[in-house]
Each structure stands twice: as structure tokens, then as C-alpha cells.
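Fair warning: this is a prediction, and the values are worked out from it, not measured in the lab. Residue numbers start from 1 in every chain, and the chains themselves are labelled A, B, ... in the order their sequence lines are given, proteins ahead of strands.
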Protein chains: 2
Amino acid sequence: MAKAVTEKTLSRRTQIVSVATRLFHEKGYNATSMRNLAEQLGIEAASLYNHISGKDALLQQICFDMATHYNAHMEEVETASCTAIERVEKLVRFHIGMMLTHFEEVYVTNRDWKHLKEPLLANFLQQRKAYEKRFSRLVEQAVLAGEIQAVHPHAAVLTILSAVRGIEFWQRNPRNISAEQLEEDMVKILLKGLRK
Amino acid sequence: MAKAVTEKTLSRRTQIVSVATRLFHEKGYNATSMRNLAEQLGIEAASLYNHISGKDALLQQICFDMATHYNAHMEEVETASCTAIERVEKLVRFHIGMMLTHFEEVYVTNRDWKHLKEPLLANFLQQRKAYEKRFSRLVEQAVLAGEIQAVHPHAAVLTILSAVRGIEFWQRNPRNISAEQLEEDMVKILLKGLRK
DNA sequence: CCTACCGATCGGTAGG
DNA sequence: CCTACCGATCGGTAGG
């Protein structure tokens, strides 16, 4: 039966995705059951299927929303008028900012994209690969401009992205160091490490 | 353990742990069933319980063997006769080496320790916290010696450990860059970034 | 959005 | 190391 997409079902769906994001973050995709999710929403598990096609669709929404967000920002950085290394710094700060302000979505996407079903998995990986290639090209331009020391762009991007992702450990246990100082120290170490 | 020893001459239990490490790495702890594991060994799932007490015991073995290994190396570094920043470099290179030569165990430990049952989980976390504290202290000493710039030791350790952990992405997709060059570039970026 | 229920799969046990 | 099984839980469906 064809169901008209009303404003009500849209907002309900958005609400479901939001709660799912929180649960996926807390317990992981596989360990979160549709019964867990339904319970948090105060309904029965079977009722979820009036709003979403299945568990897969929730993960899909989270991961592809993130991919779109990252791609849009890359576009911005590429067209900004500044030096190559300033572009790289913008990206570093953007990724740190995402870990601080959109932590749950980023975390779930980083960890649980593996559970996407084909052909979505291939699509996601292709987008991710393309993103890293654009990032690498910006690093390469900074190397050619003499603003970054002679390192392989892939190695630089890998070091940056994984260092930033490590903020998830700080999120789990914010010690005697503030978010601001962590961001400044990490930018300091990474940018100084890259510079010529 | 001697390299000439093949899987078949190892004790049955050791062999089970070895295959479990491979499967946990490939599919994750939760997604690996005792039936998967038994199938790889050519026996029935029920037969596994003649050698191990349960699925938990396999994860326990992997995680605590790694913890012991890391602690032993930290002991070595702390007692080595060299400068503070040389100690930090030794640790960076050790962690990179572990990602390259003991990849599956390290990866499983990093990702799946969350599935340890209490009281093992608390024990593991306490060991990890203590290890990071020792690491931080070495960084702090290098800062006090004027060999490392003014950054919060926690931020430095977080940046180092997470950057190194990122080698898992290289492992999944070794591109146009060799393990050796990746190690050298990462050490270059991190150490230059830390230095005064 | 509900009740009622399905087939599949899980970790693990009994008993040989 | 096996056969035979257990209770629990899963994602999802039928039909209202």
C-alpha cells in the first residue's frame, strides 16, 4: 500500500534516526536491537517498520548524511582563496570540530560503515576514497609550494585523519585537558610536523 | 615461540586462539560465532568447549597477552640510557612496529576490548590507563628537558597513539606507499611536530 | 501502532 | 570430539 509521505511521518522518522544514532554510538550497530530502539521511543519493535524499511536504512541515513556533509566542506575549502597549507589547516580544524560537535554521528560512521549492505557499502567506500584523494591533492600542492616538508601525501593524510579521530578517546574520558586546549595542541603538533 | 612450529604442532588451545584472532579481526568479536570458529578448525562447535571455557576466554587471552607485551616494552624504554625524547621516539617506533608485525592481535585488542566481561574489563582499563600515564610522564620529562615544545602531555600521547593506530587503514588498503616509507614519514611528522 | 508470531542463529550443555 | 538439544534473542512479517 502506497503511503503518502506526510510531515508527521517525516518527523517521526527523523526522531527514530536520532535515537538510533545515540544507541549505535553507545552499543554499536550489531549490539543495538530493534527492540532496544523501540523501547527508547516508547513503542513496539514492529511499529518501527511503519517508518523505516529496516535496520539497514538507519545506518545508511547516518553514514551518507555524514559523507554529504564532508564533501560539501571539501568543496568550500578547495575554492577558498588562501595558501595550500592554510587549506590543510582548515581541514584539520574542521575534522577536529566535527569530532567535538557531531561526535556521535561521526563515531558511528567511522566504526559502523562496515555493516552497510552492498551496493551501499561500495558506494560509501568510493566516496571515502575520493575524499581522501582530494585531501591528498591539497597536501601535495602544499609540498610543491614548499610549505610542507617532503612527505608522501598519503602518509600525511593518514596521520592527520587518524590523529584527529583519536579525539574519541578524549570524548570517552575528558581528563585534565579542555576541548580547546586539545584542539590547539593537536593542531600545533600536526601543522608544525608538516611544515618545512 | 619458534617460527618453524606450524599451527598443527601447536597445542590445540593455542591453535584455537590463533584462528579466533584471525576471525575476530575479519568479522569482529560479536559477529564471529563459535560455529564459524569450529568450521575453520574442522570440528563441531560443541567440541571447542573441551579446550576453552567459552568465547570470553578467547578475547581475554588476546587482550591480556597484548597488555603484557606493551607493559614489558615500556619497562625496557624507561630503563634505557638515552634522552627523554629518544625514549618517546622508541615508543612511537614500537607502536608502529606492532601495527605492522602483530596487526591482527593489536587491531582486535584496540577494537574489541569493550566486549570483555567484568572484572576483566576493569582490569584491562586500569592497565591501559596506567600505561598511558607512564607514556605521558616520559613526554612530560622531554618537555621539562626542553626537548619537546610546550604541549599538554595527554594531548601529545593522544595524538601519537591515535596517529599510529591509523595504520590500520593502510593495512586494509596498502596503496602506492610502502610500510617503511609510511613509518618514516609518520615518525618524521610526529617527532618534528613535538620538538621544540 | 498493536498482538501474535516466524525462521534463523546464537552461546552453551548433557551425555556419550 | 560427536549428536542432540536448550532457552534466549534476533530482524522482520501478517493482519488488524
Asker: Can you tell me how far C1' of C:dC1 sits from CZ of A:R12, to the nearest Å?
Answerer: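 So the CZ-C1' distance, A:R12 to C:dC1, works out to 9 Å.
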
Asker: Could you list all the salt bridge (Lys or Arg N to Asp or Glu O under 4.0 Å) pairs where at least one residue sits in residues 131-145 of chain B, not counting sequence neighbours?
Answerer: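 For residues 131-145 of chain B, and leaving out neighbouring residues, the salt bridge (Lys or Arg N to Asp or Glu O under 4.0 Å) pairs sorted by first residue read A:R175-B:E132, B:E75-B:R134, B:E78-B:R134, B:R128-B:E132.
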
Asker: Nearest whole Å is fine: how far is C:dG11 C1' from B:H115 NE2?
Answerer: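 Checked: the NE2 to C1' distance equals 15 Å.
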
Asker: Measure from the ring center of A:F24 to the ring center of A:Y107 and say whether it is less than 6.0 Å.
Answerer: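 Ring centroids of A:F24 and A:Y107 are no less than 6.0 Å from each other.
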
Asker: Find the runs of at least 3 consecutive base pairs, i with j, i+1 with j-1 and so on, that include DNA chain D, using Watson-Crick or G-U wobble geometry with both distances under 3.5 Å.
Answerer: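 Stems (3+ consecutive pairs) listed as C:1-16 with D:1-16.
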
Asker: Which part of the nucleic acid does B:S53 contact within heavy-atom distance under 4.0 Å: base, sugar-phosphate only, or nothing?
Answerer: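 Answer is nothing: B:S53 stays at 4.0 Å or more from every strand.
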
Asker: What is the distance from CG of B:L48 to C1' of C:dC10, rounded to the nearest Å?
Answerer: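 Computing the B:L48:CG to C:dC10:C1' distance gives 14 Å.
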
Asker: Rounded off to whole Å, could you give me the CG-to-P distance for the B:L58 and C:dG11 pair?
Answerer: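 Atom CG in B:L58 sits about 11 Å away from atom P in C:dG11.
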
Asker: Can you figure out which of C:dC1, D:dG11, C:dG11 approaches the side chain of A:S47 most closely?
Answerer: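 Shortest atom-to-atom distance from the side chain points to C:dC1.
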
Asker: Quick check for you: among C:dC1, D:dC1, C:dG11, whose closest atom lies nearest to any side-chain atom of B:K55?
Answerer: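 Among C:dC1, D:dC1, C:dG11, the one nearest the side chain of B:K55 is C:dG11.
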
Asker: Give the rounded distance in Å between these two atoms: CG of A:N36 and P of D:dG11.
Answerer: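 These atoms are roughly 8 Å apart.
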
Asker: Test of understanding: with salt bridge (Lys or Arg N to Asp or Glu O under 4.0 Å), list the residues that count as partners of A:E44, not counting sequence neighbours.
Answerer: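 Result, salt bridge (Lys or Arg N to Asp or Glu O under 4.0 Å) vs A:E44: none returned.
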
Asker: Excluding sequence neighbours, so at least two apart, what forms side-chain contact (heavy atoms from CB on, under 4.5 Å) with A:E183?
Answerer: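 Expected list: A:R93, A:I96, A:L100, A:V187.
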
Asker: When you check every protein heavy atom under 4.0 Å of nucleotides 4-9 of chain D, what one-letter string (B, S, -) results, 5' to 3'?
Answerer: B-----

Asker: From OH of A:Y49 over to C1' of D:dT13, roughly how many Å is that when rounded to an integer?
Answerer: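 The distance from OH of A:Y49 to C1' of D:dT13 comes to 9 Å, rounded to the nearest Å.
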
Asker: Does atom NZ (A:K90) have a neighbourhood of more than 12 heavy atoms from anything else shown, all under 6.0 Å?
Answerer: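 Counting other residues, nucleotides and ligands, NZ of A:K90 stays at 12 neighbours or fewer.
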
Asker: Report the distance from atom CE of B:M34 to atom C1' of D:dC2, rounded to the nearest whole Å.
Answerer: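 Going from CE in B:M34 over to C1' in D:dC2 covers 16 Å.
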
Asker: Does A:H102 have any ring pair (Phe, Tyr, Trp, His ring centres under 6.0 Å) partners at least two apart in sequence or in another chain, and if so, which?
Answerer: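 Residues passing ring pair (Phe, Tyr, Trp, His ring centres under 6.0 Å) with A:H102: A:H69.
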
Asker: Figure out the CG/P separation between B:L41 and D:dC2, and round it to whole Å.
Answerer: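 Taking atom P of D:dC2 as the reference, CG of B:L41 is at 11 Å.
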
Asker: Ignoring hydrogens and angles, write down the donor-acceptor pairs under 3.5 Å from the side chains of residues 151-160 of chain A, residues two or more places apart or on other chains.
Answerer:
unit_1 : atom_1 : unit_2 : atom_2 : d
A:H152 : ND1    : A:H154 : N      : 3.1
A:H154 : ND1    : A:S136 : OG     : 3.2
A:H154 : NE2    : B:N176 : OD1    : 3.3
A:T159 : OG1    : A:A155 : O      : 2.8

Asker: Identify, between A:Y29 and B:G42, the residue whose nearest nucleotide on DNA chain D lies closer to the 5' end.
Answerer: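 The residue whose closest nucleotide sits nearer the 5' end is B:G42.
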
Asker: Identify which nucleotide among C:dC1, C:dG12, D:dC1 has an atom closest to any side-chain atom of B:D56, counting heavy atoms from C-beta outward.
Answerer: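 Among C:dC1, C:dG12, D:dC1, the one nearest the side chain of B:D56 is C:dG12.
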
Asker: Taking only residues two or more places apart in sequence or in another chain, which ones pass side-chain contact (heavy atoms from CB on, under 4.5 Å) with B:Q127?
Answerer: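 With neighbours one apart ignored, the set is B:F64, B:A67, B:N71, B:N123.
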
Asker: Under the salt bridge (Lys or Arg N to Asp or Glu O under 4.0 Å) test, which residues partner A:E26, sequence neighbours left out?
Answerer: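 With sequence neighbours excluded, A:E26 shows a salt bridge (Lys or Arg N to Asp or Glu O under 4.0 Å) to A:R22, given in chain and number order.
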
